[in-house]
Each structure stands twice: as structure tokens, then as C-alpha cells.
Amino acid sequence: MSTQIYDHKTIEEKWMKSWEEQQLFQDEVHKNPQQSGSSGSARSARDDSADLKTVSAESKPTKEKMYLLFAFAYPSGAGLHVGHVESKTALDILARYHRMNGKQVFFPVGWDAFGLPAENYAVKTGVHPAITTKNAIDTFRGQIKRIGISYDWANELATNHPEYYKWTQWIFLQLHKKGLAYRGDGMVNWCPSCQTVLANEQVVNGHCERCGSEVIQKQMEQWFFKITEYKDELISGLDEVDWPHATKLQQLNWIGKSKGLAIDFMMQGSETKLTVWTKFWETVFGTTFVVIAPEQFRDMNLMDQVAESHRHTVQTYIDQSFKKTEEERKIGEKEKTGVDTGLKVINPVNGSAVPLYIADYVLMNVGTGVVMGVPAHDDRDFEFATKFKLPIIQVVSYEDKTIDRKVAEAEMSFEGPGKLMNSGNFDGLDAWHDGKQKMAEWMIKQGFANWQTTYKLRDWLISRQRYWGAPIPIVYDPSGAAHPVKEEHLPWLLPTDVEFKPTGESPLTYSKEFKERVEKLYGKGWRPEYDTMDTFVDSSWYFMRYLDARDKNEFATREQLEKWLPTDLYMIGPEHIVLHLLYARFFTKFLRDEGYLSINEPFKKMRHQGMIMGPDGKKMSKSKGNVINPDEVIEKYGADTLRVYEMFMGPIEADKPWSTSSVVGIYRFLMRIHQLVTTNIEALQSGVATSPAPELMRKLHLTMKKINDDIPALKFNTAIAAMMELLNVWEQAGKHQNTVAPTLDVDSLTSFIQVLSPFAPFLAEELYQQVKSGQQSVHLSQWPSFDEKMLVADQLVVVIQVNGKLRAEVTIPLSDKDEKQKVIELAKSQDKVKPWLQDKTIVKEIYIPGKLVNLAVS
RNA sequence: GCCGAAGUGGUGAAAUGGUAGACACGUCAGACUUAAAAUCUGAUAUCCGCAAGGAUGUGAGGGUUCGAGUCCCUCCUUCGGCACCA
């Protein structure tokens with residue numbers, strides 16, 4: 001037996017260094033595969049730029065492209081997490097697999113480096129975010145290299161680099177030119193702890209996504225991106241992409257398209273029109289009051305019409321509701337509140353005058369912000385009517401008369417189907433079918449109603465009163481009017497002379513240099529916009545910048561964008577399903593409309609990795625003390641073990657608990673491979689003849705086929721299990737031979753090492769170099785193909801069932817595979833089968849060739 | 001409340017409608033060792049049985065089928081998302 005031991009540390013450090021020196025996989029994005037050896041890179045061909053037809057006619061790519069994208073990572077000070085290892089390794093396996101299969105693979109890396117944690121740290125310690133961020137990136141980079149991720153480091157980027165945010169600002173200016181970046185005034189979500197505005201998407205259950213503080217409403221002037229311009233396309237585009245079903249649904253849900261009827265109610269005694277929006281217009285005859293959201297009331301300036309006697313109570317109520325937090329207003333509020341305006345509105349269907357209330361259970365953002373109160377058939381309206389002693393009119397009756405009685409006696413509301421009543425000419429019609437349809441037709445014909453589709457999606461608020469972000473490229477003239485920063489002044493540099501104090505004002509207000517810069521460039525009395533952009537802006541286009549990360553003239557060349565987009569696989573955590581993806585899709589569509597791209601959707605295929613939980617099955621967190629540090633695992637067992645273990649844990653998309661003891665099993669597996677392969681190599685090198693057992697060769701080829709099927713399907717766990725099975729068979733085969741004899745020949749050994757190499761790149765490289773004695777890297781070698789002929793066994797095991805229950809099995813020669821009658825007769829003659837057929841009639845005989853016989857008896 | 005995903009041994013899990021539990025961990029027993037660790041070998045769904053074997057078994061209950069973890073219906077539970085959405 002071999003005396004070599006599996007010294008993972010030496011092996012891994014050796015090859016990490018060697019790959020670094022060889023610059024494997026660097027700047028693949030600019031290589032032109034069919035011009036091997038020539039200096040004519042895609043980059044230098046940029047001069048005759050825009051004409052795509054010429055370019056594509058010349059290039060005739062011989063290699064299929066494969067753009068693998070890993071979710072943009074924030075370089076936190078905590079360093080690499082085992083969760084990062086999982087998704088990075090999964091993509092790395094694909095990258096290595098596709099390269100070996102002759103594809104041109106682009107697998108870039110970068111840093112979503114702007115953001116709050118670094119700034120908060122600066123507030124606490126005074127260390128500049130640029131320093132914190134750089135240190136964190138250095139740590140991550142080292143750790144990633146240590147686990148052997150084959151990133152293209154030549155195109156690494158970071159969003160805080162001026163050469164990156166120059167183009168973030170440039171995109172802002174393009175949006176501004178088209179009126180899609182605008183200054184808006186309105187209520188915004190304000191986090192009192194972070195001292196900043198938050199997008200709707202960053203408010204979770206009324207709390208700040210970052211720090212958990214309760215979010216309050218505040219009125220401010222802010223910059224918005226008009227994402228709603230693309231709302232319908234953001235829906236229809238989902239049909240083009242291969243994403244998890246649940247992800248698409250969540251996006252749809254967020255956009256919240258909903259078709260309803262807008263019905264006009266006229267104010268009694270004035271020309272003011274109040275439009276309600278509803279999906280349940282069939283109950284309109286049951287309207288006994290109308291409710292308006294406080295904001296809507298203010299925006300419509302309705303106070304003028306309120307009688308003097310009511311003004312004070314109305315104003316008090318409005319003031320109070322504006323002070324409420326989101327939390328109080330939405331979920332926390334148990335009891336309905338509201339105030340009677342004293343005004344009356346006319347229900348257009350029957351001319352009845354009903355009171356107008358203001359109540360904050362009606363939300364400004366939903367529909368028109370005005371609701372018809374139908375207490376008999378809506379829980380919330382019922383609750384409100386009960387509290388304010390408003391009448392309840394039932395307009396839908398149900399077969400179950402106890403329910404009708406309860407509705408009639410104001411004990412409950414009823415939202416189910418039934419027959420219309422108290423609804424004029426519509427009485428007796430089915431409320432959810434004929435009634436609904438005929439009533440809509442009638443109302444529209446009468447001219448007081450119209451179809452109206454509403455959306456939940458709001459424009460994207462991008463202003464942040466923070467330091468560590470890309471400055472919004474806007475300057476204000478002495479009159480306060482906003483002007484875009486001129487493109488030649490980009491990058492619009494983030495000043496460095498600031499103090500980190502959470503005052504509620506943007507830290508950039510305190511920069512002397514910033515103000516002087518603006519006055520110098522634009523004139524006396526001009527001032528800069530002090531807010532920075534939401535970091536989601538940075539991450540909405542990074543996958544484009546990767547394609548030309550060092551380009552000084554464009555955000556990326558047309559040629560590169562055309563060649564590489566859309567991304568072929570995007571691996572991203574389920575937490576980014578709504579925000580980031582929506583924004584990135586919006587940017588893509590905008591840049592397409594500006595003529596820079598020709599794709600509609602940036603991410604063709606997307607998958608989500610699951611979360612790795614602590615050994616206790618709970619989410620890892622410092623406070624629970626259940627965090628697994630990848631560095632410690634690497635130190636003890638090596639990066640290959642860490643990689644293979646994480647891939648073996650279970651399906652990539654599932655949440656899985658860490659099991660410290662299971663890691664050892666993987667270490668044993670790699671150790672046994674090392675042992676067996678080095679023993680074989682030694683034996684081969686000593687010139688001992690080989691005659692691999694047919695069963696072993698068959699297993700090898702079956703394994704190769706399995707891995708070939710499993711890797712593109714992202715089923716890494718079963719691919720690894722297949723290698724383990726092979727190893728078991730292989731070891732058994734070795735036992736029947738003289739221990740010094742090799743059990744596989746050089747080619748078979750090589751194939752095995754090659755299919756192992758995406759999973760355990762260090763060990764595979766070491767073994768490959770030993771068996772091929774100093775040839776090129778295994779990772780540059782050609783993926784081995786399996787032999788179909790080798791997959792077929794000369795004997796088949798057929799299982800025999802009686803009435804679907806397993807009773808026996810027989811072995812038949814391959815030649816009898818299709819001899820249905822012969823096999824069935826053989827099955828019937830088995831001793832284990834006969835008793836089950838005794839005194840029974842066979843009513844059906846099923847034969848699945850080479851697999852199964854089922855005899856149905858009665 | 002609405003939408004989605006998922007329920008399989010002690011654990012992580014596997015299974016184009018065709019032998020449920022591959023593979024691995026753990027556990028038990030054995031080998032090696034003064035001993036331990038490491039390593040190796042074997043057993044390991046549950047129940048009955050010395051065994052051969054039999055019965056049961058993929059959250060529950062129905063259904064389709066020669067045959068269901070897988071397909072259909074009705075529930076239950078857990079997790080994720082949305083939520084005073086009119």
C-alpha cells in the first residue's frame with residue numbers, strides 16, 4: 001500500500017499558489033476564442049465599434065458563451081460565511097464543468113461596497129468607510145481564493161470606486177434626461193435610528209430593514225426613479241425567463257396589478273367628484289358611507305368644503321394620523337378610527353346621499369384612496385359602521401338563511417357568493433356572475449363608472465441622507481432649481497472632508513470641498529445635492545460593468561453587451577427576490593430603450609441557494625453562538641472537504657442544518673480517493689499490468705454519465721453520492737486482487753480525476769499531475785466522455801410482483817430482455833412466486849422490459 | 001386572511017408512475033492498540049420470528065392505476081412571502 005498520506009494543507013496551498021501564477025481563467029471575457037494566439041482581442045477591435053453586424057460577421061464564435069453570475073456581495077467585516085461558500089462553490093463547479101466542455105465561461109466577481117454598515121461603523125469608531133471596506137474586501141478575496149473559486153479576478157470591481165460610480169451617475173443622468181429621474185415631494189418612510197429615508201421595500205412590518213427601529217412618516221423632497229413607467233413590461237417579461245415559479249409570483253404580487261371599477265360619487269351641493277375604486281362593485285347598492293384616506297383628503301383640498309363646525313375635529317384627526325407610525329397605522333391598529341366630515345356624497349346608482357368619513361384604515365396607496373363603505377359585505381366596513389352606528393344594507397342573500405339573519409341583524413358581514421337583493425333592477429341575479437357583469441356594463445353605460453387597473457408598485461425613492469454612497473449628480477442654482485451635473489464632470493466625486501454624525505442631514509452638507517467645487521464649476525450661489533443614492537442603484541447594473549470593467553469611455557461596449565447578455569445562470573439568495581431583481585430589470589429595459597442593449601431581460605435563468613442553518617437547526621447568528629467559521633473547517637479538513645461537504649448536504653435550493661460530524665465523512669471520502677489513486681499510480685508506474693474488472697469499468701462509466709447529467713441540473717449531492725458508490729465498488733475490486741496491482745488503467749484513472757475536479761479542485765489537480773506527470777492543469781483539460789456501450793450489463797435483474805407486492809427476483813441474460821412471454825413464464829415458475837398464484841386466476845400480466853413483472857391475480 | 005414551498009428511518013437525504021430509504025452521518029458489534037484517537041470490517045426503517053419468512057411503512061383520509069412517496073380530491077402541520085389591498 002501507498003505510504004503517501006492525504007496532506008490537504010500542503011496540496012491546497014501549493015496549487016492555490018500555482019494557479020495564481022498561471023493566471024488561470026483570467027480575463028476570459030475579452031478573449032476571442034477563434035483567434036487563438038493572435039493579439040486581436042475584442043478590446044482593441046473596439047475602434048470600429050457600433051456596427052454590430054460587421055463584428056458578428058467577423059467573429060463567428062466557435063465557442064458557446066456561458067455567463068455565470070453570483071449575487072453581488074456586500075463585503076462585511078465578518079468575512080466569508082459558510083453560506084457564501086455554498087453558492088460560490090455551486091457556481092464554481094458549473095464554471096469548471098463548462099470550461100472543460102469547451103465553453104467560453106465568464107465568471108466574474110465584485111463588491112457591493114457602498115452601504116450603511118461601513119458608515120455606521122465609521123460613526124462609532126471614526127474609521128473611514130473606505131478603509132473598512134478595503135480591509136473587508138481583502139479578507140474576502142483571500143478567503144475566496146483559498147476555497148478555490150475560479151473567479152475572473154481581472155475584471156473585479158467595487159461600487160465605491162470612482163470608475164464604477166461614474167457610470168452609476170451617468171445612468172442617473174440618462175434617466176434624468178428622459179424624465180425618469182425626478183424630484184418629488186411627499187411622505188416618505190423615515191428611520192429615526194439610521195436617520196435616513198427608506199424605500200417602501202426596505203420597510204419590513206413597519207420597521208427598518210437594517211436596524212429594526214419603527215419607521216415614521218416624514219415629508220421631504222426626494223429623488224425618485226420612475227420604475228412605474230415599466231410596470232406592465234415588468235410583468236410580461238417574466239414569461240421570458242426561467243426562474244423559480246415562486247419568485248415570479250412574488251414579483252407579480254409586488255407589482256400588484258389589479259383590475260377593478262372606478263365609480264364616481266358626486267359631493268352633495270358641489271361639483272367635486274370623489275372616485276372610489278373597487279373589485280366588488282356588485283355591492284354598490286349597499287353603500288351606506290364613503291371613506292377617504294387622510295392624505296387624499298388633504299391632497300384634494302377638501303377642507304374648504306367642510307362646515308366650520310366640523311373643521312376642528314377633522315383637522316385634529318388628520319394631524320394625529322400623520323403622526324402615527326406605519327406600524328400603528330397598519331397591523332398594530334386593532335380598532336378603526338375615523339371622523340365624520342359632515343359632508344355628503346351621492347351614490348350614483350340610486351341617488352342616495354351618504355356621509356363622507358375620513359379614516360386611516362383607508363390607504364392612500366390602494367386604488368384611489370377613497371372607498372365605498374358596504375358594511376353588510378366587508379369586514380372592515382362592518383367594523384367601522386358598527387363603531388360609528390352607520391346603517392347596514394344587505395345586498396347579497398345566501399341560501400343559508402342563518403347567515404342572512406345574522407347579516408340582517410348586524411351581527412356579521414358576509415363576503416360569499418349569493419343572489420343580489422335591494423339592488424334595483426339587478427335583484428335576483430347571481431352576485432358573482434350575471435349580476436356582477438350586468439351591473440358593470442350598466443354603470444359604464446350610464447357614464448359614472450370606468451374600468452381602472454391599479455398597481456401596488458410605486459416609484460423608486462433613491463435619495464439617502466447618508467455619506468457612503470454615490471453622490472446624486474445634481475446641482476442647484478441660486479434659485480433652487482435642479483440641474484444635472486455635466487457629463488464631463490463625472491465621476492462626481494464623493495468628498496472626503498466630512499464628519500460622521502447621524503444628524504438627520506446628509507453628511508455631505510459638512511463638506512467644504514464639495515460646496516467650493518460646485519461654486520467653482522457652476523457659479524456663485526450654486527450648491528450640490530447633498531444626498532447619495534440608494535445602494536440598490538449601484539447593484540442594478542453591475543452585471544453589465546463586469547463585461548468591460550476597465551472601460552474609460554463607456555459603461556460597457558455594445559459588442560461585449562451583445563455577446564454576453566443575458567446572464568446564463570444567476571445564483572442569488574431568496575432575500576433579493578423582490579427589490580434587486582425588479583430594479584435590475586428596470587435598468588435593463590431602460591438601457592435597451594436608450595439603444596445600448598437589445599435584450600429585454602437580464603437574467604435568463606435564476607436559481608436560489610438555500611440557507612445553511614446552525615447545527616441546532618436555527619439560523620446562524622453570533623448571539624446564538626451557532627456560527628460555523630469556514631476558516632476553521634479549512635484548517636482542519638481542507639477547502640476540498642468544505643466544498644464537497646456543502647455540496648453533499650442536500651439540494652442546493654433547500655435550507656439545511658450544518659452537521660459537524662458529517663464533515664468528517666467527506667474528509668474520509670477524499671482521503672480514501674487519495675489513498676486508492678496514489679496506490680494505483682504507484683502500481684502503474686512500477687509497470688504492473690492492468691486488467692480492470694468489467695464491473696468496475698461499468699460502474700466508472702455509469703458514474704461519469706450520472707455526473708454529466710447531474711452537474712447541469714445542479715444536483716451536486718447525488719453526483720457526489722455516485723462518486724462514493726464508485727469508490728466503494730473500486731475498493732471492493734481492489735480487495736480481490738494483489739494489493740500492489742492497479743485496479744484501473746491510466747485513462748480510466750484520468751477520467752475519474754477529471755470528473756472529481758470541479759468538486760475538489762485541489763485534490764484533483766494533485767492527483768492529475770501525478771498520473772499525467774506534469775502536464776497542463778486538470779482544469780484546462782477536456783471533459784471525459786463516457787462510453788454508452790459500457791453502461792449495459794450482460795445480465796439483468798427483473799423483480800417479480802404479485803398484485804404490486806414484491807415476491808421474488810430473477811436474473812435474465814440481456815438477450816432475453818424483450819422476450820416478454822419467456823420472462824413471465826420464468827417468473828411464474830419461481831418457487832417464491834408459486835404459492836401466491838395458487839388457486840388464483842391471473843387477470844393481467846405486466847412486463848417492463850428488463851425491470852419488472854407484475855402479475856395481477858384475483 | 002391571501003399567495004407560495006415543503007412534510008420519507010435516530011439525522012442530512014435518494015427515488016423518468018415500476019425493488020422506498022441510494023449515498024452519508026450517527027449508533028451497535030468486531031479487528032488493530034497496553035489504552036485512546038484515527039483507520040478498517042459487519043449490522044442498522046418498524047413490528048412478529050431462532051431462522052426462513054411474514055406483516056406494516058413516505059403527515060391524515062379518500063380516489064385513479066396491474067402498480068402511487070410520485071398523479072387527482074379533501075384535510076392537518078411546518079416554513080417563507082404579502083397583508084386594514086377595498
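Order of the sequence lines sets the chain letters (A, B, ...), proteins ahead of strands, with each chain counted from 1. The structure displayed is predicted, hence computed values, not measured ones. Any value given below was found using the heavy atoms of this structure, including those in side chains, with hydrogens, waters and symmetry copies removed.
Side-chain atoms of A/Trp836 lie closest to B/rG54 of the nucleotides B/rG54, B/rG12, B/rC84. Of the candidates B/rC40, B/rC23, B/rG4, the closest approach to any side-chain atom of A/Arg668 belongs to B/rC40. When distances run from any side-chain atom of A/Asn253 to the nucleotides B/rC25, B/rA86, B/rG81, the shortest one goes to B/rG81. For A/Lys851, the side-chain atoms get nearest to B/rG18 when compared with the rest of B/rA24, B/rG18, B/rC85.
Applying the ring-ring contact (aromatic ring centres under 6.0 Å, His included) test between A/Tyr645 and each of A/Trp658, A/Tyr667, A/Phe759, A/Tyr637 identifies A/Trp658 as the sole match.
Environment of NZ in A/Lys624: crowded, with over 12 heavy atoms of neighbouring residues, nucleotides or ligands closer than 6.0 Å.
The partner of B/rC2 is B/rG81, by the rule that a Watson-Crick or G-U pair needs both atom distances under 3.5 Å.
As judged by a 4.0 angstrom heavy-atom cut-off over every strand, A/Trp243 is placed among residues making no nucleic acid contact.
Every salt bridge (charged side-chain N to carboxylate O under 4.0 Å, His left out) that A/Asp831 has, sequence neighbours left out, goes to A/Lys834.
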Enumerate the protein-to-nucleotides 61-66 of chain B contacts in which both atoms are nitrogen or oxygen and the separation is below 3.5 Å.
from   : atom 1 : to       : atom 2 : distance (Å)
B/rC66 : OP1    : A/Lys844 : NZ     : 3.1
B/rC66 : O2'    : A/Asn854 : ND2    : 3.4
B/rC66 : O2     : A/Asn854 : ND2    : 2.6

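At the phosphate of B/rU19, neither OP1 nor OP2 sits under 4.0 Å from any side-chain N or O atom of A/Arg807.
Closest approach of A/Gly850 and A/Leu796 over heavy atoms only: CA-CD1, 3.9 Å.
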